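Since the model is a prediction, treat every value here as computed from it, not as a measurement.
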Amino acid sequence: MRNKVVSDLAAALEGVADGSTILIGGFGLAGQPLALIDALLEQGATDLTVVSNNAGNAEWGIARLLQAGRVRKVVCSFPRQSDSYVFDELYLAGKVELEVVPQGNLAERIRAGGAGIGGFYTPTGFGTLLADGKETREIDGRMYVLESPIRGDVALIGAFRGDRLGNLVYRKTSRNFNPMMATAAALTIASVAEVVEAGALDPEAVVTPGIFVDRVVAVGQEEAA
Amino acid sequence: MRNKVVSDLAAALEGVADGSTILIGGFGLAGQPLALIDALLEQGATDLTVVSNNAGNAEWGIARLLQAGRVRKVVCSFPRQSDSYVFDELYLAGKVELEVVPQGNLAERIRAGGAGIGGFYTPTGFGTLLADGKETREIDGRMYVLESPIRGDVALIGAFRGDRLGNLVYRKTSRNFNPMMATAAALTIASVAEVVEAGALDPEAVVTPGIFVDRVVAVGQEEAA
Amino acid sequence: MSLDRDALAARIARDIPYGAYVNLGIGAPTLVANHLEPALDVILHTENGMLGMGPAATGDDIDQDLINAGKQPVTELPGAAYFSQADSFAMMRGGHLDVCVLGAYQVSVHGDLANWHTGDPGAIPAVGGAMDLAIGAKAVWVMMDLLAKDGTAKLVQACSYPLTGVGCVSRVYTDRAVIEVGSGGARVLDTFGTTLDDLRELTGLDLT
Amino acid sequence: MSLDRDALAARIARDIPYGAYVNLGIGAPTLVANHLEPALDVILHTENGMLGMGPAATGDDIDQDLINAGKQPVTELPGAAYFSQADSFAMMRGGHLDVCVLGAYQVSVHGDLANWHTGDPGAIPAVGGAMDLAIGAKAVWVMMDLLAKDGTAKLVQACSYPLTGVGCVSRVYTDRAVIEVGSGGARVLDTFGTTLDDLRELTGLDLT
């Protein structure tokens, strides 16, 4: 019987290789899979490229990975937050690379990665520093920038409920980047507050169909702060 | 109080102009808004371009519009069905134009239209007649075709439940093209089996948020055949 | 000694790996579903917007809102999910399906597929999801007779019918043989009551 | 006689049309929400994935899974909907929002916006949704002081800070005046205890 639920966090993170690109869901702490990130730290993979909206809060989640020197590069829209001191210090010391991507372009690039789209023209960022060197094009009188898809070796997803088939639902604004990231990685690992029976999730309300998910691990309701 | 629910089908179709591009949801009869199409026939707009997956079944829905001579052009993936004799005859007599688009490209082009994407590179159709004359590009060793967004003046949407804010949910595979089409028209008109109170639809399960919908009309559960 | 359609469908079903996500094209490939052992834990995708499709619906189970890509009434299995066609084709185009089984007019030794259009100038062109399916799985298999009704081979050096996809097919299941196709040319994997020499003669191809 | 922030927020709220879908940027624009009359039936969008956002959450209503774009806890109104950030930014980019109110470092008379980066080589670049918001509504309004703390005008002939968007702002609400900007240049729509001549002198611009 198909069962994507693994018994513990160590099993969930098994096999993540050094040098991997890791997509990490969440917007700030909402939907950020803190337990999976802690388990990745434990697992030991290093020289990572992290793709996430932010670059870590205080000493939680992504900030811990950074602090442990596991991250070579961050691709995000908004690294600088009130409590992103770990990232800030590493960046200013030249110890971590940064690629800043407008938030909507980041979401759309990850969607494109999961959807087999080779590239797309977006009006966002045209005429700005963040489009420097990128191909531009006028379409129906408006200027667009060509953006490329983003894919990961691994995606770490923070969901609410999941079943053994890998179907996932989220809670409120913790959905954010998680559904796209789940589609755009070779290995998608989801933490859930609760594992439910197959058939218990309303098929009309499943946000991430199980086809996108390789492993599910129950971590209970995470409390970040 | 914001109330997008209109009292009858005539009010729902008010103001549709001759020459409009009409996006019509549905895959075969599932999710095809038959009552709205009949009301469009009644309303009288002509010289229409219809964008829909199919080109009508028997003498239902889109087939009726075609039969009445209201349609100048059909953009679809699969006009030829076992019961598409109305379209077949008009097409073979040279009385209606046809643009055939691969189904996934059609869905993605409509999504792009609603999402402000100027164009996208898809592998689907590369090297085929349907990509003739289209720009192609090699990206990471794979060949892609540049496809453009599709937008409509009007979208006719077949949904299941809706509220006065325009939020919609669908039923099973009748969802199909409806959610993208709802986002890609200047005027989006949805028929629903049932109007429910604002707040009655689970905010986690709303498929089409009300921002995309201009008018909602209750038509009961439609029985097609 | 060649296989009939049902036996061929059973053979294809046996080759599908455990736990695969599979899309079965309209027509003969649909028969494969009848031979999928429950223990194989296959999940069926239908491109009109569903994962977890069950068997054909009959009697009171028929629901006009629950159909497959062939517009036939079907059923829903526990753990199913519905989604839009944009999401459904993104799933295919993004390479998330393991196996897609399609019918064909012709397949070339290099894996080109022709299955949407006879090229007849009087025909009404209709592609549906054919071109998306052609590029929409990790493995695209074709199920077809080796010979057309007029006796010409459907496995060809180069397709004469308009293409559905370029170099997209990896394996062809026919009534006479299973043949691997692709950039390395055609290679016979298995035969059903026929010999390699027979196959060479029937197709005029330099099969190995 | 110039308007304070709260009075300016009230003025902006009064200019929002009935029934509009509105995104309020982080910082001062958030104040506009406090002045939106319920009868105006405005629906608030937050780009992290929600329509129908209610007031800030306090006490037991605080839910770490329900936050706004500024990562502050908020509430949900009846008829709300949640969606992914891909869908949320598609909604913005596709032109479905009626009004977006943003803060700014500088706005040019042609509607160019600079609000994400001071250009200081020591600064850590962080754009968030700023560039998406800049092009993501039918009307993009800026709420800012006319003058920076050092007395220089923030409404300028051409932005010296790095741009967020080109020609995207249609109206600037400042403590001294409301000014229309765009391809036709800057035109003063309303003044608060100041004169057109004063505004010309403060900005060095040929305002009309």
Side-chain angles (χ1 to χ4, degrees), chain A residues 27-31 53-55 57 76-82 84 87-88 91-92 98 100-112 114-115 122-131 142-143 158 160 170-181 207-208 221-225, chain D residues 26 46-50 53 57 62-76 80-95 112-117 119 122-136 159 161-168:
Chain A
F27 178 79
L29 290 168
N53 190 62
N54 304 108
N57 303 80
C76 73
S77 87
F78 207 76
R80 191 189 62 220
Q81 300 170 89
S82 59
S84 62
F87 172 83
D88 297 356
Y91 176 76
L92 294 172
L98 173 64
V100 173
V101 181
Q103 196 170 334
N105 286 356
L106 183 62
E108 189 70 11
R109 288 177 66 183
I110 297 166
R111 178 191 179 273
T122 173
T124 302
F126 174 77
T128 75
L129 285 179
L130 297 187
R142 189 170 197 190
M143 295 303 300
F160 177 45
Y170 302 89
R171 239 192 117 245
K172 304 187 185 283
T173 56
S174 70
R175 188 181 304 196
N176 57 64
F177 283 87
N178 284 299
M180 295 84 78
M181 288 181 170
V207 175
T208 295
Q221 189 68 49
E222 297 193 65
E223 291 295 336
Chain D
I26 296 171
T46 180
E47 64 266 29
N48 52 316
M50 182 187 194
M53 180 174 65
I62 292 174
D63 179 337
Q64 63 176 351
D65 287 340
L66 180 47
I67 60 176
N68 65 13
K71 306 195 176 86
Q72 302 305 309
V74 293
T75 52
E76 168 192 308
Y82 297 102
F83 30 83
S84 74
Q85 292 218 13
D87 288 345
S88 185
F89 283 88
M91 195 180 281
M92 287 170 46
R93 198 191 307 110
D112 295 348
L113 172 67
N115 76 347
W116 77 285
H117 196 343
I124 299 175
V127 68
M131 290 184 181
D132 305 276
L133 286 157
I135 57 97
C159 296
Y161 287 122
L163 291 189
T164 308
V166 177
C168 54

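Note on D/T164, D/V166, D/I135: by heavy-atom pairs under 4.5 Å with chain A, the leading option is D/I135. The candidate from D/T46, D/L163, D/V74, D/I67 with the greatest count of non-hydrogen atom pairs under 4.5 Å with chain A is D/I67. Ranked by non-hydrogen atom pairs under 4.5 Å with chain D, the options A/S82, A/C76, A/P79 are led by A/P79. Counting heavy-atom pairs closer than 4.5 Å to chain D, the top-ranked of the candidates A/R80, A/K172, A/E108 is A/K172. Of the listed residues (D/E76, D/M131, D/M92, D/Q85), the one with the most heavy-atom contacts under 4.5 Å to chain A is D/Q85. When D/S84, D/A69, D/G49 are compared by the number of non-hydrogen pairs under 4.5 Å with chain A, D/S84 comes out ahead. Chain D forms more heavy-atom pairs under 4.5 Å with one residue of A/S77, A/A107, A/G125, A/P123 than with any other, namely A/S77. Of the listed residues A/L106, A/N178, A/L130, A/V207, the one with more heavy-atom pairs under 4.5 angstrom with chain D than any other is A/L130. Interface remark: of the candidates D/L66, D/N68, D/L133, D/L66 forms the most heavy-atom pairs closer than 4.5 Å to chain A.
Side chain of A/N105 to main chain of A/P102: no donor-acceptor pair is present (N/O by atom type, distance under 3.5 Å, no hydrogens or angles). Looking at A/N54, its side chain does come within 3.5 Å of a backbone N or O of A/G28 through a donor-acceptor pair.
The contact between A/F87 and chain D is made entirely by side chain atoms (from C-beta outward), counting heavy-atom distances below 4.5 Å. Residue A/L92 touches chain D through its side chain alone, counting heavy-atom pairs closer than 4.5 Å.
Summarising the geometry of D/F89 relative to D/G129, their closest heavy-atom pair is CE2-CA, 4.1 Å, with the distance given to 0.1 Å. Listed here is the closest heavy atom pair of A/G104 and D/R93: O-NH2, 3.4 Å. Nearest heavy atom pair, residue D/P125 against residue A/Y91, reads CD-OH, 3.7 Å. Pairing each heavy atom of A/S174 with each of A/A30, the nearest pair is CB-C, 3.8 Å.
With respect to A/R175 and D/D65, no salt bridge is recorded, no charged nitrogen being found less than 4.0 Å from a carboxylate O.
Sorted by first and then second residue, the salt bridge (charged side-chain N to carboxylate O under 4.0 Å, His left out) pairs involving residues 124-134 of chain D (not counting sequence neighbours) form an empty list.
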